[in-house]
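Proteins come first, then strands; the chains are lettered A, B, ... in the order of their sequence lines, and each starts at number 1.
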Amino acid sequence: MDFQDGIDPVTQDEDNVLPPLAEAREHLVVIGNGMAGCRAVEELLARDAGRYRVTIFGAEPYVNYNRIMLSPVLAGEKTFEQIVINDAAWYADNGIELIAGDPVRAIDRAAKTVSSQSGRTIGYDKLLIATGSDPFIIPVPGKDLPGVISFRDMKDVDTMLAAAADGGSAVVIGGGLLGLEAAHGLTLRGMKVTVIHLMDTLMERQLDEAAGWLLKTALEGRGQTILTGANTEAIYGDGKVEGVRLKDGRDIPASLVVMAVGIRPATALAREAGLAVNRGIQVDDHMVTSDPNVLAVGECVEHDGNVYGLVAPLWDMCRSLADGLTDQHSGYKGSVTSTKLKVAGLDVFSAGDFSGGEGCEDIVLRDASRGVYKRVIVKDDKLIGAVLYGDTVDGGWYFDLLKREENVADMRDMLIFGQAFASGGGALDPKAAVAALSDEAEICGCNGVSKGQVVSCIAKGAHSLDAVRATCKASASCGSCTGLVETLLALTLGEDVQSGPKTMCKCTSFTHDDVRREIVAQDMRSIPEVMQKLNWSTPEGCSSCRPALNYYLLCALPGEYQDDQRSRFVNERMHANIQKDGTYSVVPRMWGGLTNPRELRAIADVVEKYDAPMVKVTGGQRLDIFGIKKEDLPAVWADLNAAGMVSGHAYGKSLRTVKTCVGSEWCRFGTQDSTGLGVKIEHMTWGSWMPHKFKIAASGCPRNCAEATIKDFGVVCVDSGYELHVGGNGGIHVRATDLLCKVATEQEAMDYCAAFIQLYREEARYLERTAPWIERVGVDYVKGRIVADDAGREALRARFLFSQQFMQDDPWARRAAGEDAELHQHLAEVRPMEIIA
Amino acid sequence: MSLNTQVGTWLDIGPVDQISPGNARTLPVRGGEEIAIFHTQDNQFYALVNKCPHKQGPLSQGIVHGSVVACPLHNWNISLKTGKALGNDEGCVPTIPLKVEAGRIFLLREAVIPVPTEAKAA
Ligand code: SRM
Ligand SMILES: Cc1cc2nc3c(=O)[nH]c(=O)nc-3n(C[C@H](O)[C@H](O)[C@H](O)COP(=O)(O)OP(=O)(O)OC[C@H]3O[C@@H](n4cnc5c(N)ncnc54)[C@H](O)[C@@H]3O)c2cc1C
Ligand code: SF4
Ligand code: FES
């Protein structure tokens with residue numbers, strides 16, 4: 001149904017424009033819309049929101065974003081949207097005028113005005129300079145060639161991404177924190193990267209030689225070329241960069257050169273305005289410059305002879321600054337800093353002074369097999385430095401001891417083993433460890449939130465992780481401190497959180513296990529029935545309990561329970577994966593990773609016919625078609641069905657893929673027909689709904705090319721039969737499988753697989769994958785049920801196969817035939833006359 | 001919810017049974033924002049701009065519980081009555097006045113065409 005609608009066009013309400021109000025408040029003008037500038041304003045708002053009228057100038061054409069997260073953006077782990085700290089609404093809601101993309105060019109202190117590049121001149125009562133740093137560019141020939149950039153802002157990231165899109169080689173000059181994060185990102189983006197570092201040790205300001213070496217070896221293992229002790233002579237190229245020449249004559253071709261050799265406080269404006277400037281803009285303890293009406297904060301300042309290049313000191317500065325501006329002078333006392341490298345999978349931490357020397361005592365622990373290196377430096381019974389590689393969990397604790405200058409004589413011997421040991425008892429109790437942290441201990445490095453702040457925000461009513469994130473921002477950025485915050489919640493809220501296992505959700509006081517047990521015991525048959533009988537506190541449950549109940553009922557009543565679509569997450573309702581733009585991706589099943597010309601042709605045709613912007617080989621050995629509109633899904637499925645393909649359930653808490661390797665049929669090492677076995681297993685298991693997604697793989701020999709040992713169920717073929725592995729997954733916390741047992745025949749492998757799946761289906765909690773489930777119940781329990789108990793195994797297998805009778809009908813075929821058509825169609829379309837005309 | 005007190009022109013969107021309880025359907029608007037119309041399990045109807053205040057997720061695809069929809073992208077809970085994000089999330093999506101009369105759904109035309117677009121980030 002369409003609307004042709006011819007009624008009058010909407011008129012603009014012109015009476016709504018108000019004349020500007022005369023402003024009585026003092027005007028604070030901020031130069032620099034970066035981390036320190038905006039944080040200072042946030043601190044000010046928190047103390048006295050109405051006190052100043054605020055205008056912020058930013059040279060970059062963006063809202064305020066988290067600069068330290070540019071590395072994850074480059075590495076593809078975050079999007080720009082995800083690193084925005086304050087969005088446009090924040091400025092609007094707080095009445096802050098943001099003038100973005102228009103740098104300030106001059107300060108006139110006599111007239112108390114600033115003027116910008118676009119010619120704007122604005123008066124101030126108080127001026128805050130927060131211009132950050134300029135990257136240092138080494139003065140070699142060719143430094144101005146196109147393709148030579150620094151790593152400082154979003155524009156640099158965009159340039160790197162554009163360069164990476166063309167592939168080729170990149171050179172990163174500088175093997176410090178920034179350079180290595182750039183090199184890591186560019187490597188992930190597919191470039192061949194060489195790091196040129198002047199010193200012999202990578203990150204020499206943060207790491208000692210041993211840790212630097214471990215780091216270098218690890219990076220080389222990831223395909224980067226690391227040249228230490230290498231001095232750049234020139235960058236060359238005709239019209240654009242083509243390579244870098246070293247002093248020793250070596251020549252490294254590159255289409256992109258990233259200079260990350262250091263930063264200089266951005267002081268030019270201040271200097272020209274006649275403010276006192278040394279290395280940075282000189283400020284007192286309240287961040288006031290040599291002019292009482294001009295303040296400065298962040299990397300551009302020098303306080304007590306120090307300039308800083310990390311965010312933690314900025315948070316302290318901003319607090320003191322805001323205190324001063326609201327007449328509660330507290331005074332900044334300088335900061336001790338610690339460093340963490342943000343490269344996934346490489347844990348590197350350092351803090352304090354580790355140059356050694358007179359009176360210093362080193363305590364070192366090395367664990368070669370785990371790739372761990374730890375060193376703490378003690379002087380006069382105090383910890384003065386720490387370097388950790390490979391195991392950095394105690395970084396926060398060491399840093400805390402260091403900042404508080406605590407006497408460590410008593411725990412000297414245990415110190416290196418970390419907090420759990422050193423604070424006595426030898427028990428590894430993470431809770432006690434967190435409890436022992438001081439209030440000043442930093443919990444969230446990204447947002448500069450201390451333990452005291454988290455605890456006080458919990459005390460003020462933030463009783464969940466989300467609430468803590470929303471109120472004090474702890475763990476709201478990279479999330480690596482989530483565990484700490486959760487422990488603090490447990491510690492602070494005491495009984496409430498600690499008592500008993502977690503309830504299913506806020507709608508009930510029952511746990512998952514209680515509910516599952518009662519569903520069977522009381523023979524409950526529908527979601528409303530469960531909610532009624534178990535006293536749900538909400539009328540219809542919520543988006544976490546509804547899908548769980550739907551699954552528990554489906555599992556308990558195969559063939560009888562009527563699946564409740566409304567309790568399914570959109571992907572399972574639409575049988576495709578929703579994308580961030582609201583379109584869907586479609587993954588047809590490719591049995592055991594095998595395909596044929598007919599399927600490939602059908603996929604190619606779909607891609608062309610429905611204008612799919614991308615088609616990609618997935619990590620699960622099949623093809624994913626992206627960007628399909630919900631209206632087109634049934635037609636796409638009909639076309640794929642016609643070529644014999646069914647839903648791949650890439651969207652479901654269900655059997656996903658069965659990955660295989662070529663096996664004995666082709667491979668010179670293959671011991672059994674792993675391909676054939678994988679195909680058979682997939683035919684047996686597809687369509688099954690599970691507590692979480694479930695992945696299977698079959699490898700033809702212990703070389704394990706199908707990665708069977710990080711799957712929920714994995715088969716590794718050997719000469720004498722089949723090793724069956726369970727409970728592995730990739731994901732954030734990789735877990736290798738446990739060996740369940742070894743069987744002699746293919747049929748047994750299939751039988752054990754079916755039984756294992758059914759045990760998992762019947763006993764795991766919703767959204768608990770096999771890995772955490774097995775860690776909870778123990779692999780011995782699983783062995784007891786599957787390996788030791790022949791009759792039990794057989795019964796499980798039979799229940800699985802029975803349930804599969806009802807599960808194995810292709811949801812796509814039903815949709816293509818017209819079922820639930822309204823889910824895919826718009827209700828109507830409104831076409832206003834005035835817009836068509 | 002029936003906002004009969006609104007004055008203005010009402011657009012007839014068709015019979016109520018086009019949307020089954022607990023579901024939502026969409027209404028694209030040329031030159032304006034797509035609208036999601038929800039039918040809750042307790043038989044109320046609501047209309048909202050089909051864009052989550054968080055990252056523009058299509059609310060019509062979310063799980064409806066009570067008079068709340070959970071956005072399909074990152075699970076924010078949005079009140080169907082007010083368009084406001086619930087819990088600790090902050091944001092609001094415009095609601096469209098809706099009334100049900102004689103078994104048909106009506107939307108307030110002035111709110112449909114053109115729906116004001118939110119200011120874009122600087
Ligand atoms: C498409 C694909 C990436 C690719 O292009 O290769 C993919 C895409 C997604 N993965 Fe994956 N994963 C894909 C293979 C994998 C693999 C590799 C594998 O299966 O061998 C892994 C590691 C193995 C594993 O699962 O243990 C993997 C581990 C994850 C995880 C972490 C799981 C965990 O238990 O920790 C998530 C997050 C989750 O499920 O909660 C995830 C979640 C996702 C989601 C569903 C994220 C989301 O919620 O939207 C992505 C959906 C994209 C989409 O809309 O299509 N994906 N994902 C792969 C689809 C395989 C397929 O054919 O079905
Ligand atoms: C890729 C990267 C990764 C990092 N990782 C970490 C990390 O893991 N941990 C850590 O502690 N630190 C890290 N840092 C350092 C951290 O980002 C800085 O310490 C912090 O951003 C400094 O804040 P600031 O406000 O002083 O400067 P900035 O955040 O740079 O803000 C200054 C702003 O002022 C603007 N500006 C300059 N001149 C003018 C003008 N004349 N008019 C208007 N605007 C102007 C600039 O464009 C800029 O937006 C990283 C930095 C980078 C670049
Ligand atoms: S496809 Fe998987 S790894 Fe890639 S961004 Fe999505 S969830 Fe992350
Ligand atoms: S877009 Fe709706 S929750 Fe993120």
Side-chain angles (χ1 to χ4, degrees), chain A residues 1 3 5 7-10 58 61-63 81-82 84 87-89 91-92 98-101 462 464 466-471 507 538-547 564-571 573-574 578 580-582 630 822-823 825-832 834-836, chain B residues 9 11-14 18-32 34-37 40-42 50-51 53-58 60-75 77 87-92 105 107 109-110 112-114 118-122:
Chain A
M1 186 173 59
F3 289 103
D5 171 33
I7 314 168
D8 57 336
V10 177
Y62 306 108
V63 292
E81 287 70 35
Q82 288 170 318
V84 165
D87 59 10
Y91 294 89
L98 170 63
I99 303 172
S464 68
D466 288 346
V468 172
R469 286 177 173 170
T471 40
C507 306
T538 49
E540 293 163 20
C542 68
S543 53
S544 35
C545 57
R546 291 253 308 268
D564 180 18
Q565 291 286 304
R566 294 165 310 191
S567 298
R568 285 193 179 270
F569 177 64
V570 57
N571 287 357
R573 212 174 334 120
M574 301 303 277
I578 196 166
K580 60 187 214 179
D581 64 356
K630 78 173 175 192
E822 76 283 354
L823 288 182
Q825 289 159 1
H826 293 304
L827 206 48
E829 186 183 348
V830 182
R831 296 191 195 148
E834 62 268 26
I835 288 172
I836 294 173
Chain B
T9 327
L11 291 177
D12 184 345
I13 308 295
Q18 296 177 103
I19 315 176
S20 52
N23 279 319
R25 294 187 64 187
T26 44
L27 184 70
V29 179
R30 285 249 185 127
E34 183 168 287
I35 294 170
I37 305 182
T40 62
Q41 298 201 42
D42 56 354
N50 193 21
K51 268 190 175 180
H54 178 218
K55 293 196 174 165
Q56 280 85 52
S60 58
Q61 311 292 79
I63 293 182
V64 182
H65 49 105
S67 58
V68 175
V69 61
C71 176
L73 290 196
H74 317 97
N75 211 26
N77 279 309
N88 296 306
D89 297 319
E90 274 176 36
C92 190
I105 305 169
L107 294 183
R109 182 184 181 282
E110 283 73 5
V112 173
I113 311 164
E118 329 111 74
K120 290 273 174 286

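The distance from atom CD of Glu829(A) to atom OG1 of Thr26(B), rounded to the nearest 0.5 Å, is 10.5 Å. Rounded to the nearest 0.5 Å, atoms NZ (Lys630(A)) and OG (Ser60(B)) are 4.5 Å apart. To the nearest 0.5 Å, atom CG of residue Asn23(B) and atom CG of residue Leu823(A) are 6.0 Å apart. Note that NE2 of His826(A) and CG of Asn50(B) are 9.0 Å apart. Values are rounded to the nearest 0.5 Å.
Most heavy-atom pairs under 4.5 Å with chain A, from the set Gly57(B), Gly91(B), Gly22(B), Gly87(B): that is Gly22(B). Comparing Glu81(A), Lys580(A), Arg546(A) by heavy-atom pairs within less than 4.5 Å of chain B, the highest count is held by Arg546(A). In terms of heavy-atom pairs under 4.5 Å with chain A, the best-connected choice from Thr40(B), Leu73(B), Asn77(B), Val68(B) is Leu73(B).
There is no contact between Glu90(B) and chain A, counting heavy-atom distances below 4.5 Å. Looking at Asn75(B), only its side chain comes within 4.5 Å of chain A, counting heavy atoms on both sides. For Ser567(A), the part lying under 4.5 angstrom from a heavy atom of chain B is the backbone only. The parts of Pro28(B) that come within reach of chain A are both its backbone and its side chain, each placing non-hydrogen atoms under 4.5 angstrom from that chain. Within the 4.5 angstrom heavy-atom criterion, no atom of Leu107(B) approaches chain A.
Proximity of a side-chain donor or acceptor of Arg25(B) to a complementary backbone N or O of Ala828(A) within less than 3.5 Å is not detected.
When all heavy atoms of Gln61(B) and Val570(A) are compared, the closest pair comes out as O-CB, 3.2 Å. In this structure, Ile63(B) and Arg566(A) approach most closely via the heavy-atom pair CG2-O, 3.6 Å.
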- Task: Could you go through the side chain to side chain contact (heavy atoms under 4.5 Å, CB included) check for Gln18(B) and Gln825(A) one step at a time?
- Result: CA-CA 11 Å; Gln18(B) 296 177 103; Gln825(A) 289 159 1; over 6 Å; no

